[in-house]
Amino acid sequence: WRTHLTNARAARKPARARRGGREQSQLAAALPAGPGPGATAAAGRNQQARPAVAAVSAPVEKQFANGVRVLVQEVRGAPMVATRVLWAGGARAEVASQAGWSALLARTWAARCADGELGDAIHAIAGTVEGTSGRTSFGLRGEFLQRSWAEALPLWLRCLQLDPVDDEHVQRARRVQLDKLAAAARDPASTAFAAFAQHRFGLHPFARSIHGEAAGLNGADSAALRGF
């Protein structure tokens with residue numbers, strides 16, 4: 001029976017080979033002609049155009065005597081330099097009458113950086129400085145082109161040394177923040193999230209919006225923010 005099975009398999013092989021040959025011929029006839037030199041060159045260009053995977057270094061940390069902690073992480077080949085300066089605070093550090101003051105302070109500070117000669121110099125090198133505020137921190141963030149970082153660093157340090165508030169910029173930032181509150185009140189998703197936060201956190205500061213409330217914002221002027 002083994003001899004019979006071997007002979008049967010051998011008899012089927014030529015038939016399979018003939019069928020395979022016909023299928024390959026039909027497939028070759030249906031396909032276009034093979035790529036010429038132009039297609040090969042285009043494929044080479046596509047391979048060369050693929051961006052290289054950025055190499056990310058391990059974070060480097062330095063603690064200064066005044067308590068400032070600096071973290072630096074390099075992404076080799078990245079076109080941008082992103083900076084953050086943060087302080088502990090945010091909504092967690094606010095009482096009900098000061099709700100939204102952290103966001104207002106950060107927004108006012110960023111507006112000061114974007115104004116006048118300093119703001120013109122930052123815009124000239126395509127940089128941006130914005131305020132940032134959350135539930136546990138607030139501060140400034142800046143983004144600059146990597147090729148302009150040597151020019152950007154002194155400007156960034158000047159932002160950090162500015163008096164963060166004055167009456168004109170506080171009023172301007174307050175109007176922006178009140179507009180955000182009004183827009184959130186009209187947005188169903190924001191309203192649902194606010195209701196969930198109030199149900200989840202109750203009297204805890206996390207129940208409040210990081211943008212605060214109109215009553216608290218209207219009571220914030222430059223002197224009050226400096227004391228805050």
Side-chain angles (χ1 to χ4, degrees), residues 64-70 81-144 151-187 190 193-194 197-198 201 203-228:
F64 290 89
N66 61 358
V68 173
R69 187 162 60 109
V70 178
V81 176
T83 62
R84 302 288 186 274
V85 176
L86 298 173
W87 287 264
R92 183 177 61 178
E94 299 170 347
V95 298
S97 61
Q98 297 173 335
W101 283 25
S102 295
L104 182 61
L105 176 58
R107 182 170 282 112
T108 303
W109 198 347
R112 292 270 287 151
C113 295
D115 206 1
E117 175 267 334
L118 178 57
D120 292 342
I122 292 173
H123 295 155
I125 58 174
T128 59
V129 175
E130 297 178 340
T132 177
S133 181
R135 300 194 182 280
T136 60
S137 64
F138 78 100
L140 289 179
R141 64 185 178 193
E143 293 186 355
F144 307 93
E151 302 172 68
L153 179 57
L155 300 176
W156 175 242
L157 295 178
R158 284 178 59 187
C159 282
L160 302 182
Q161 295 168 353
L162 279 177
D163 180 358
V165 293
D166 65 7
D167 289 335
E168 177 187 354
H169 291 89
V170 168
Q171 293 174 10
R172 191 186 307 173
R174 183 192 294 116
R175 286 195 296 269
V176 173
Q177 201 152 317
L178 290 173
D179 289 343
K180 286 184 175 293
L181 286 173
R186 295 190 299 267
D187 179 52
S190 299
F193 183 80
Q198 290 173 0
F201 296 109
L203 298 178
H204 192 277
F206 284 5
R208 299 190 293 264
S209 167
I210 60 173
H211 299 301
E213 298 177 352
L217 293 176
N218 288 328
D221 55 18
S222 58
L225 285 180
R226 283 194 184 91
F228 175 72

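Index from 1, following the sequence.
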Item to complete: Taking side chain to side chain donor-acceptor pair (under 3.5 Å) as the test, write out the residues that go with D167, two or more places apart.
Response: S222

Discussion item. Is it the case that atom CZ in F193 sees more than 12 heavy atoms from other parts of the structure closer than 6.0 Å?
Written reply: no

Worksheet item: How would you list all residue pairs meeting salt bridge (Lys or Arg N to Asp or Glu O under 4.0 Å) that involve residues 93-105, not counting sequence neighbours?
Response: none

Discussion item. Tell me if a side-chain donor or acceptor on D187 pairs with a main-chain N or O of A183 at a distance below 3.5 Å.
Written reply: no

Fill in: Set of residues satisfying salt bridge (charged side-chain N to carboxylate O under 4.0 Å, His left out) with respect to E168, sequence neighbours excluded
R172

Item to complete: Identify the heavy atoms of G100 and L217 that sit nearest to each other, and give their distance.
Response: O-CD2, 3.8 Å

Worksheet entry | Residue pairs, two or more places apart or on separate chains, that pass ring pair (Phe, Tyr, Trp, His ring centres under 6.0 Å) and touch residues 103-136 | W87-W109

Item to complete: Can you run down the side chain to side chain donor-acceptor pair (under 3.5 Å) pairs that involve residues 129-140, sequence neighbours left out, and say none if there aren't any?
Response: E130-R141

Item to complete: Any pair with a residue in residues 207-228 that passes salt bridge (Lys or Arg N to Asp or Glu O under 4.0 Å), sequence neighbours left out, goes on the list, sorted by first then second residue, please.
Response: D163-R226

Fill in: With Q161 via side chain to side chain donor-acceptor pair (under 3.5 Å) - residues at least two apart
none

Practice prompt. Check whether any side-chain heavy atom of I122 lies under 4.5 Å from a side-chain heavy atom of C159, and answer yes or no.
Written response: yes

Worksheet item: Are any non-hydrogen side-chain atoms of V81 and L153 less than 4.5 angstrom apart?
Response: no

Item to complete: Go through the structure and list residues passing side chain to side chain donor-acceptor pair (under 3.5 Å) with R175, not counting sequence neighbours.
Response: none

Worksheet entry | Inter- and intrachain pairs under salt bridge (Lys or Arg N to Asp or Glu O under 4.0 Å), touching residues 95-119, at least two apart | R112-D166, E117-R158

Discussion item. Give me each pair satisfying ring pair (Phe, Tyr, Trp, His ring centres under 6.0 Å) with a member in residues 208-228, each pair once, sequence neighbours excluded.
Written reply: W101-F228

Worksheet item: Crowded around L203 CG? As in, over 12 foreign heavy atoms under 6.0 Å?
Response: no

Item to complete: Check ring pair (Phe, Tyr, Trp, His ring centres under 6.0 Å) between H204 and all other residues, then give those that pass, not counting sequence neighbours.
Response: F206

Item to complete: Please identify each residue that fulfils side chain to side chain donor-acceptor pair (under 3.5 Å) with Q198, with sequence neighbours left out.
Response: none

